[in-house]
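Report on the structure given below.
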Protein chains: 2
Amino acid sequence: MKLFTKHTDYAIRALLELAGSKDEFLSARQIAKQQRIPYQFLRQILQGLIKNKLVISKEGSGGGFRIDKDPDLMSIVDIIVIFQGNIQLSDCMFRKKLCANRSNCVLRKQINRIEKLVNEEFKSVTIGSLLKDLKKQRRRF
Amino acid sequence: MKLFTKHTDYAIRALLELAGSKDEFLSARQIAKQQRIPYQFLRQILQGLIKNKLVISKEGSGGGFRIDKDPDLMSIVDIIVIFQGNIQLSDCMFRKKLCANRSNCVLRKQINRIEKLVNEEFKSVTIGSLLKDLKKQRRRF
DNA sequence: TATAACTGATACTATAATAGTAGCAGTTAA
DNA sequence: TTAACTGCTACTATTATAGTATCAGTTATA
Ligand code: FES
Ligand code: FES
């Protein structure tokens with residue numbers, strides 16, 4: 001099971017990179033190289049971040065991307081939602097037709113409970129907090 | 001994202017069915033009909049449950065399956081593990097090669113933390129507890 | 001003792017989700 | 001003018017999940 005797809009994974013790395021050099025524009029090429037993300041794939045992802053106003057871009061030579069929201073307010077959940085939709089641990093409700101045996105579905109409420117928990121937990125993990133951890137880690141080693 | 005695949009989903013339903021008629025042998029055909037699970041698919045799943053000693057089988061005419069472990073000790077996690085392996089919210093550690101940029105991987109410890117939480121929570125949900133919920137529900141409606 | 005109702009085992013196919021690639025059009029700095 | 005960029009979007013590859021099909025062997029029962 002995957003809570004993070006590569007889209008999300010790479011988006012987080014890219015945002016960490018961007019949050020780390022706040023006022024500069026970094027090109028997709030630079031980020032891809034730094035984080036070893038496939039270039040064209042990263043570009044798709046950056047488009048997603050643009051659309052959701054987490055970053056802004058500058059076109060043309062010397063252009064690139066810059067973060068456009070306080071990293072402390074940018075949670076992992078926000079990013080997951082952009083690329084994978086809402087966090088759901090199981091999606092039977094989402095497939096238009098309901099559970100085959102809906103009356104049996106006592107499981108659903110348990111799933112929902114735990115889903116909520118996961119959401120809460122990941123909401124508190126932000127690009128800002130990760131960046132802080134990252135800096136701490138680098139200082140130590 | 002899927003915490004439960006169909007394997008797990010159907011396994012839980014089948015076990016609920018079996019736990020509900022503890023001492024009888026139910027055939028795959030019966031369970032499939034009752035829970036509207038594709039017959040051959042269900043048979044695969046039951047084989048998995050046999051291998052892991054959650055149920056026993058009786059061959060031949062009049063044969064079938066019977067639960068073989070206290071439902072209260074049979075947690076959802078046990079079942080997930082059989083069909084999907086350990087609960088992991090993200091699997092980059094599992095793909096033999098490590099994160100492209102491992103030094104950036106402050107995310108990992110957060111994921112692990114929340115993974116642990118999910119595990120704990122689902123451990124407390126058992127076939128026994130679900131069956132109890134189910135009976136309560138049926139009484140009410 | 002024939003047969004219908006079963007399980008054991010396993011190979012196969014179909015579908016959908018994820019991951020990654022390619023390429024053209026337009027923008028901008030130098 | 002050109003090289004370094006982004007915007008956009010169609011395409012392909014790979015993998016995971018879901019589901020099907022079959023054959024061999026077992027057992028109750030008429
Ligand atoms: S409503 Fe889906 S597990 Fe039931
Ligand atoms: S070790 Fe994988 S998210 Fe990093």
Side-chain angles (χ1 to χ4, degrees), chain A residues 1-11 13-14 18 24-33 35-53 55-66 68 80 82-85 88 90-92 94-97 100, chain B residues 1-11 13-14 18 24-33 35-53 55-66 68 80 82-85 88 90-92 94-97 100:
Chain A
M1 163 221 2
K2 274 179 212 150
L3 184 58
F4 300 90
T5 61
K6 285 289 170 193
H7 278 94
T8 304
D9 179 356
Y10 294 155
R13 290 171 204 288
L18 289 168
E24 274 175 276
F25 280 91
L26 297 182
S27 72
R29 193 74 69 182
Q30 284 175 290
I31 299 170
K33 194 176 173 194
Q35 293 285 341
R36 285 176 233 169
I37 302 172
Y39 172 66
Q40 293 290 6
F41 197 16
L42 175 62
R43 293 203 44 211
Q44 280 187 355
I45 291 163
L46 288 165
Q47 290 305 314
L49 296 177
I50 290 265
K51 249 181 217 144
N52 289 275
K53 314 203 179 205
V55 306
I56 53 169
S57 64
K58 194 170 87 180
E59 285 185 78
S61 180
F65 301 85
R66 195 174 66 186
D68 195 38
I80 291 179
I82 291 172
F83 296 104
Q84 309 170 228
Q88 323 154 224
S90 175
D91 58 358
C92 71
F94 257 54
R95 304 185 181 172
K96 306 287 153 38
K97 58 179 176 176
Chain B
M1 164 219 2
K2 274 180 212 151
L3 183 57
F4 301 89
T5 62
K6 285 290 171 194
H7 277 95
T8 304
D9 179 356
Y10 293 156
R13 291 172 204 288
L18 290 168
E24 276 176 275
F25 280 92
L26 297 182
S27 72
R29 193 75 67 178
Q30 284 175 290
I31 299 170
K33 195 177 171 193
Q35 293 286 340
R36 284 174 233 171
I37 302 171
Y39 173 67
Q40 293 291 3
F41 197 17
L42 175 62
R43 294 202 45 210
Q44 280 188 355
I45 290 163
L46 287 165
Q47 290 305 315
L49 296 177
I50 290 266
K51 249 181 219 143
N52 288 275
K53 313 204 180 204
V55 305
I56 54 169
S57 63
K58 194 170 86 180
E59 283 183 78
S61 179
F65 301 85
R66 196 174 64 186
D68 194 38
I80 292 179
I82 291 172
F83 297 104
Q84 307 171 228
Q88 323 154 225
S90 175
D91 61 358
C92 70
F94 258 53
R95 304 189 180 169
K96 306 289 155 31
K97 58 179 178 174

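Within every chain, numbering begins at 1; the chains are lettered A, B, ... in the order of the sequence lines, protein sequences first and strands thereafter.
- Ring geometry, B/Tyr10 versus B/Phe41: the interplanar angle exceeds 60°, so the pair is classed perpendicular (tilted spans 30 to 60°).
- Between A/Gln47 atom CD and C/dG20 atom P the separation is 18 Å, expressed in whole Å.
- Going from atom CG of A/Asp9 over to atom P of C/dT18 covers 14 Å, rounded to whole Å.
- The line from CD1 of B/Ile37 to CD1 of B/Ile31 is 7.5 Å long, rounded to the nearest 0.5 Å.
- Taking atom CZ on A/Arg66 and atom P on D/dC5, their separation rounds to 17 Å, with Å as the unit.
- Taking OG of B/Ser27 as the start and NZ of B/Lys33 as the end, the distance is 10.5 Å to the nearest 0.5 Å.
- Distance, B/Phe83 CZ to D/dT17 P: 13 Å, rounded to whole Å.
- Between B/Ile56 atom CD1 and C/dG8 atom P the separation is 11 Å, expressed in whole Å.
- A/Thr5 has no side-chain polar atom (N or O) that falls below the 4.0 Å cut-off from OP1 or OP2 of C/dA17.
- Counting only heavy atoms from C-beta outward, the side chains of B/Val55 and B/Phe65 approach each other to under 4.5 Å.
- You'll find the side chain of A/Thr8 reaches within 4.5 Å of the side chain of A/Gln84, heavy atoms only.
- Straight-line distance from the CG atom of B/Asn52 to the P atom of C/dG8: 13 Å, rounded to whole Å.
- Contact check, B/Ser27 against C/dA5: no side-chain N or O comes under 4.0 Å of OP1 or OP2.
- The C1' atoms of five pairs define one axis at each end of the helix from C/dT1-D/dA30 to C/dA30-D/dT1, and these two axes lie 0° apart (to 10°).
- With rounding to whole Å, B/Ile50 atom CD1 is found 14 Å from C/dT10 atom P.
- No side-chain donor-acceptor contact under 3.5 Å links B/Gln35 to the backbone of B/Ala32.
- Here A/Tyr10 lies in heavy-atom contact (under 4.0 Å) with sugar-phosphate atoms only.
- To the nearest 0.5 angstrom, B/Arg13 atom CZ is 10.5 Å from B/Ile45 atom CD1.
- Interatomic distance, NZ of B/Lys53 versus CD1 of B/Ile82, reported as 12.0 Å (0.5 Å rounding).
- Distance A/Ile80 CD1 to C/dA17 P: 18 Å, rounded to the nearest Å.
- No side-chain heavy atom of B/Asp9 sits under 4.5 Å from any side-chain heavy atom of B/Phe83.
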In B/S/- notation (B base, S sugar-phosphate only, - none; protein heavy atoms under 4.0 Å), nucleotides 21-30 of chain C written 5' to 3' is BBB--BBBS-
